[in-house]
Amino acid sequence: MAEDRLDQIYDMVTNLIRIVGNTNSAVEELRVGQEELRAGQDKLWAGQVDLRAGQDELRAGQDKLLTGQEDLRAGQDELRQGQAELKSDFTRLEQKMDTMIENQASIFEMLGE
């Protein structure tokens, strides 16, 4: 009877050792998994920083494009104004030429030619 009891205690201790070993193994797997998750989280944070930097670069580029667009519009307005001035100058020149032609015709008439 004492021998049966000793065998039973031996089996229980053996099972406890196996359970502790399995538990330690599971804890180690969890620790490794946690480290992998932390490494992945660090990569995500780094990626987020890179994305924010890229976003800032895009915004700066967008600002430059908007400034360039405003400059182009201002240049376009200047060109239109210059074109209007040239048309006005051309019209005045045509009028002066017409006047000169009329004056020349009058002079020729006066001289009898």
Side-chain angles (χ1 to χ4, degrees):
M1 175 109 167
E3 217 176 281
D4 288 340
R5 184 82 176 134
L6 256 146
D7 286 341
Q8 188 179 20
I9 291 172
Y10 178 78
D11 288 341
M12 286 174 58
V13 169
T14 302
N15 282 333
L16 281 173
I17 291 172
R18 184 181 51 78
I19 290 169
V20 168
N22 290 340
T23 302
N24 286 342
S25 177
V27 168
E28 180 63 20
E29 286 179 27
L30 287 171
R31 189 187 62 74
V32 169
Q34 185 181 24
E35 288 174 1
E36 289 174 356
L37 285 173
R38 283 189 180 145
Q41 187 180 25
D42 290 344
K43 286 180 183 179
L44 286 173
W45 283 113
Q48 188 178 21
V49 168
D50 290 344
L51 284 173
R52 284 189 178 149
Q55 191 177 31
D56 291 342
E57 288 177 20
L58 285 173
R59 284 187 181 131
Q62 186 180 28
D63 290 344
K64 286 180 183 178
L65 284 173
L66 289 173
T67 300
Q69 187 179 27
E70 290 171 3
D71 291 346
L72 284 173
R73 285 186 178 143
Q76 191 177 28
D77 290 343
E78 288 176 16
L79 285 172
R80 285 185 181 134
Q81 183 180 358
Q83 186 180 21
E85 288 174 5
L86 284 173
K87 283 181 181 178
S88 175
D89 289 347
F90 185 73
T91 302
R92 274 186 272 136
L93 281 173
E94 281 182 325
Q95 290 171 349
K96 286 182 181 182
M97 282 187 67
D98 289 343
T99 304
M100 286 175 56
I101 290 171
E102 288 172 7
N103 288 343
Q104 186 180 18
S106 295
I107 290 173
F108 285 141
E109 280 180 26
M110 287 173 56
L111 293 175
E113 293 181 17

* Test item: Thr14 side-chain N/O and Tyr10 main-chain N/O as donor-acceptor pair under 3.5 Å -> yes

* Are Trp45 and Leu37 joined in one hydrophobic group, where the rule is that I, L, V, M, F, W and Y side chains link up if heavy atoms are under 4.5 Å apart? -> no

* **Side-chain donor/acceptor of Ser88 to backbone N/O of Ala84, under 3.5 Å** => no

* If you round to the nearest 0.5 Å, how far is CE of Met97 from CG of Asn103? -> 13.0 Å

* If you measure from CD on Gln76 to CD on Gln83, what distance do you get to the nearest 0.5 Å? -> 10.5 Å

* To do: Side-chain contact test, heavy atoms from C-beta onward, threshold under 4.5 Å: evaluate it for Arg92 versus Asp89 and give yes or no.
  => yes

* To do: Would you give the length of the straight line joining atom CD of Glu57 to atom CZ of Arg52, rounded to the nearest 0.5 angstrom?
  => 15.0 Å

* **Gap between atom OG1 of Thr67 and atom CD of Gln69 - 0.5 Å precision** => 10.0 Å

* Quick one: does Asp56's side chain get under 4.5 Å of Arg59's, heavy atoms only? -> yes

* Sub-4.5 Å side-chain heavy-atom contact between Gln81 and Glu85 -> yes

* Carefully, step by step, assess Arg5 and Gln8 under the rule side chain to side chain donor-acceptor pair (under 3.5 Å). => CA-CA 5 Å; Arg5 184 82 176 134; Gln8 188 179 20; 3.2 Å; yes

* To do: Drop me the distance from Gln41's CD to Gln34's CD, to the nearest 0.5 angstrom.
  => 10.5 Å

* Ion pair Glu28/Arg31, N-O distance below 4.0 Å -> yes

* Asked: Counting only heavy atoms not in Glu3, do more than 12 sit closer than 6.0 Å to its CD atom?
  -> no

* Structure fact -> Rounding to 0.5 Å, atoms CD1 (Ile9) and CG (Leu16) come to a distance of 11.5 Å

